[in-house]
K.L.:
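Take this structure first; my questions come after.
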Amino acid sequence: MSMDPMKPFLDSAVGYVSSMLREAYGIEDTFRIEPGGEIADFAFPCFQFSRRAGVSPQEMADRLAQGAEAAGGMLTVSARGGYLNMSASPHKLSVAAVGTVLQMQREYGRADRPPGERMLVEHTSINPTGPMHIGRTRNAVIGDTLVRSLRQAGVEVASEYYVNDVGKQVVVLYWGLTKFFDGEIGGKPDHELVRHYVRANELIEKDESAAAEVRDLQQKLESGDTALLAGTRKAAEMVLDGIKESLAHLNITHDRFVFESDLIKDGRVKGVIERLKKLPEASEDKGAWYLPFNGEEDRFYFTRSDGTSLYTTRDIAYHLDKLSRAGRLVDVLGEDQKLGMKFLVRTLELLGEAKRIDFLFHSFVSLAEGKMSTRHGVGVLVDDVISEAKSRAKVEVLKRRPDMNEGDASSIAGMVGVGAVRYNIARLQAEKKLVFKWEEALNFEGSSAPFIQYSHARACSILEKAGSWEKGEISYDEDNELRLARQLALFPSVLSDIVRTFAVHKVAAYAQQTAAEFNQFYRIVPVLRAPPGRLGSRLALVDASRIVLENALCCLGIDAPRTM
RNA sequence: GGGCCCGUGGGGUAGCCAGGAUCAUCCUGCUGGUCUUCGGAACCAGCGACCCGGGUUCGAAUCCCGGCGGGCCCGCCA
């Protein structure tokens, strides 16, 4: 059995068109099959070949539709508007879809892929100077959804967080801590320590001697002062602990954290600088080395005049490290990084190592009132959004289940609240800008996480009431059954599309559509009170729906409650 | 000044990469319905949109050029 229930039908459609084209017109060229939209599963537009064949598109479509018993009963074909429409036999497709899902269970969605192509996705990588605000959360949610979707699709993938613990802002944090911090954190570290960071920034802005102190520290750090490196790393790690906690609340974890300071300490940054200096393109201006791009239009400086490294130089060292550990890289980044990454890629190309890097850029999140900034302590913090979402969810849960005990209600409210936050970020195309609005972030109906979770809980409830049942022959004939089964069959192709395009919002849309189809089925087609002989097939369909909803929610990092 | 991205009903959004036909998707909103329920965070019907102007094409929301509006970038910062 194919892991993708739609695949055998697509193969027959290709085979059918190919043989009909040859038979009727002697055409043996390659051709394209399109998705058939609402009308059919697959469509062949006749426009390209009709002129050459000397017939109208509609004539050609009519002729091509005359293959009796299309593809051994796998397909139904029809001609309309110059298109040859082909649909998988609904009966055969529905049986194949449910059968495949029940066989693969949590693995459903996976496809055969060439082995050995390990991927590495870098995401989040927030500067550890303060708590995550909602803008940074977008990166984390998109990145984690990508990692989860790739895994569900059968890709071997690791996730990584690049910790910037040597940059200017971490020095400011460190300096602020030495000045104002008494050693007692007394709360979530990112929230507590950022106060010293904000205060330090305020002081530096108006006090020149403070600014000079920080500059000295920065110089010392870049010259490789080990005690100072340890100090800034410690400061970064404390804040990072708080960020990790926030990420955990969002069901986000990373396989590995790479510290920028390590790349300096073990000499890799120095090695990169040496390699770059040897490039024929490399030039020098007052001791500062750069690569000229676009003539001398854009200079990419990779050292300062004092020989120390710059951010992108260290990032190149990091990318070389990643390339040594994975076959293919993806960086999830804000759109402000585009130009810098162009220089990075072109530099890696000069070093002969650029091939396997892809980027997933996303636009910024803004507030109705303007921009966010950790440095100035303005922004909506993700911890606040999560806790507000949970408490509103709890009100909703208790409204519907007043008898439910406190612990269960809180646990469900947690899944619903976090799900709502993640879903409302993941549903958007990454390149569209996002204006954060509380009402939208906390939406619990319509196109939302709870809508999907609720469908899942309903399916679980039916299955629980049914108990165990005979898994005999299955078959479907009701329109709502066939439509739902077809929807389930589409999951592997959605994931394959994401593997190709990284368009993670598609798995959000798919989950929503699947839930909607399930709700329609649920409304119209009785399961537990099914007519004689239909019970097993319908329970199988409900179980398959439950599995697909769970798998899709898993891609989104949203828990699938059995009851809510 | 130069570069990149975005512009779809009242609000939000899919479709654009690989141009096609059928009501251009879905959510929200508004109007009106459904159900003696396998859990109503539900279901059904209706209202309402491709920024503007050229071009390519048999055919453009989709590709190209030019406007307009918004975001981001153009540092020996990160």
Side-chain angles (χ1 to χ4, degrees), chain A residues 32 34 36-40 43 45-48 50-51 57-58 61 80-83 85 127 164 166-170 218 260 285-290 294 297-299 301-312 314-315 334-340 342 361-364 366 371 393 396-397 399-401 416 424 427-435 437 439-440 443-455 457-466 500-501 503 505-506 508-509 512-513 515-516 518-520 522-530 538-539 542 563-564:
Chain A
R32 196 162 53 90
E34 298 176 353
E38 288 293 299
I39 291 178
C46 298
F47 306 89
Q48 279 305 307
S50 56
R51 191 183 295 179
Q58 184 58 41
R80 181 167 167 192
Y83 281 80
N85 295 309
N127 286 334
N164 181 335
V166 296
K168 191 200 272 175
Q169 70 289 78
V170 182
Q218 214 185 331
E260 202 170 348
D285 182 11
K286 301 187 199 94
W289 285 79
Y290 66 93
N294 301 331
E297 188 86 356
D298 297 310
R299 287 182 173 189
Y301 281 91
F302 58 91
T303 77
R304 295 189 175 84
S305 358
D306 64 4
T308 57
S309 66
L310 284 112
Y311 170 80
T312 307
R314 301 191 290 271
D315 208 12
E335 63 175 339
D336 56 332
Q337 306 286 317
K338 277 185 181 177
L339 185 62
K342 205 153 101 185
F361 290 110
H362 61 83
S363 292
F364 276 35
S366 60
K371 291 188 186 184
E396 296 297 318
V397 172
K399 204 154 76 188
R400 293 168 172 85
R401 307 288 294 271
V416 168
N424 282 295
R427 57 185 255 272
L428 291 184
Q429 210 176 293
E431 53 267 32
K432 305 266 174 132
K433 61 181 182 258
L434 167 55
V435 179
K437 292 182 186 129
E439 324 85 75
E440 283 171 15
N443 176 33
F444 290 165
E445 54 185 30
S447 187
S448 70
F451 176 86
I452 303 158
Q453 292 171 311
Y454 185 70
S455 298
R458 277 176 147 180
C460 290
S461 172
I462 293 178
L463 294 164
E464 184 154 338
K465 285 204 168 69
R500 191 174 61 83
T501 64
H505 68 280
K506 288 182 180 178
Q512 202 276 340
Q513 287 155 11
F518 181 78
N519 287 346
Q520 285 164 40
Y522 175 95
R523 170 85 184 168
I524 305 286
V525 182
V527 177
L528 295 177
R529 288 168 301 155
R538 288 186 184 168
L539 283 171
V542 171
T563 178
M564 62 188 280

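Quick note on labels: first sequence line is chain A, next is B, and so on, each numbered from 1. Note that the structure is a prediction, hence the values are computed from the model and not measured.
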K.L.:
What about A:S366, does its side chain sit under 3.5 Å from the base of B:G71 through a donor-acceptor pair?
P.N.:
no
K.L.:
Just call it for A:V525: base, sugar-phosphate, or nothing, with non-hydrogen atoms closer than 4.0 Å on any strand.
P.N.:
base
K.L.:
Could you work out, with side chain to side chain contact (heavy atoms under 4.5 Å, CB included) as the rule, every residue matching A:T563, not counting sequence neighbours?
P.N.:
A:R401, A:I412
K.L.:
Return the set of residues passing ring pair (Phe, Tyr, Trp, His ring centres under 6.0 Å) with A:F444 (not counting sequence neighbours), or none when no residue passes.
P.N.:
none
K.L.:
Does A:S448 have any side-chain hydrogen bond (donor to acceptor under 3.5 Å, both in side chains) partners at least two apart in sequence or in another chain, and if so, which?
P.N.:
none
K.L.:
Just jot down the side chain to side chain contact (heavy atoms under 4.5 Å, CB included) partners of A:Q169, sequence neighbours excluded, or say none.
P.N.:
A:N127, A:T129, A:N164, A:Y197
K.L.:
Taking only residues two or more places apart in sequence, or in another chain, which ones meet A:R427 in a side-chain hydrogen bond (donor to acceptor under 3.5 Å, both in side chains)?
P.N.:
A:N424
K.L.:
Not counting sequence neighbours, which residues clear side chain to side chain contact (heavy atoms under 4.5 Å, CB included) with A:L463? List them please.
P.N.:
A:W469, A:L539, A:V542, A:D543, A:R546
K.L.:
When you measure from the side chain of A:K432, which nucleotide among B:C16, B:A18, B:G39 comes out closest?
P.N.:
B:C16
K.L.:
On the side chain of A:R523, is there an atom forming a donor-acceptor pair with the base of B:U37 - under 3.5 Å, no angle test?
P.N.:
no
K.L.:
When only distance counts, do a donor and an acceptor, one from the side chain of A:R80 and one from the base of B:A21, lie under 3.5 Å apart?
P.N.:
no
K.L.:
Examine B:G15: is either OP1 or OP2 under 4.0 Å from a nitrogen or oxygen in the side chain of A:Q429? Give yes or no.
P.N.:
yes
K.L.:
How would nucleotides 73-78 of chain B be written as a contact map, 5' to 3', with B for base contact, S for sugar-phosphate-only contact and - for no contact, using protein heavy atoms under 4.0 Å?
P.N.:
SS-BSB
K.L.:
Show me the protein contacts with nucleotides 28-31 of chain B, counting only N or O atoms at under 3.5 Å.
P.N.:
none

K.L.:
If you round to the nearest 0.5 Å, how far is CZ of A:F302 from OH of A:Y290?
P.N.:
10.5 Å
K.L.:
Taking only residues two or more places apart in sequence, or in another chain, which ones meet A:Y522 in a side chain to side chain contact (heavy atoms under 4.5 Å, CB included)?
P.N.:
A:R458, A:I462, A:F518
K.L.:
Report yes or no: is there a donor-acceptor pair, N or O only, under 3.5 Å between the side chain of A:S363 and the base of B:G71?
P.N.:
no
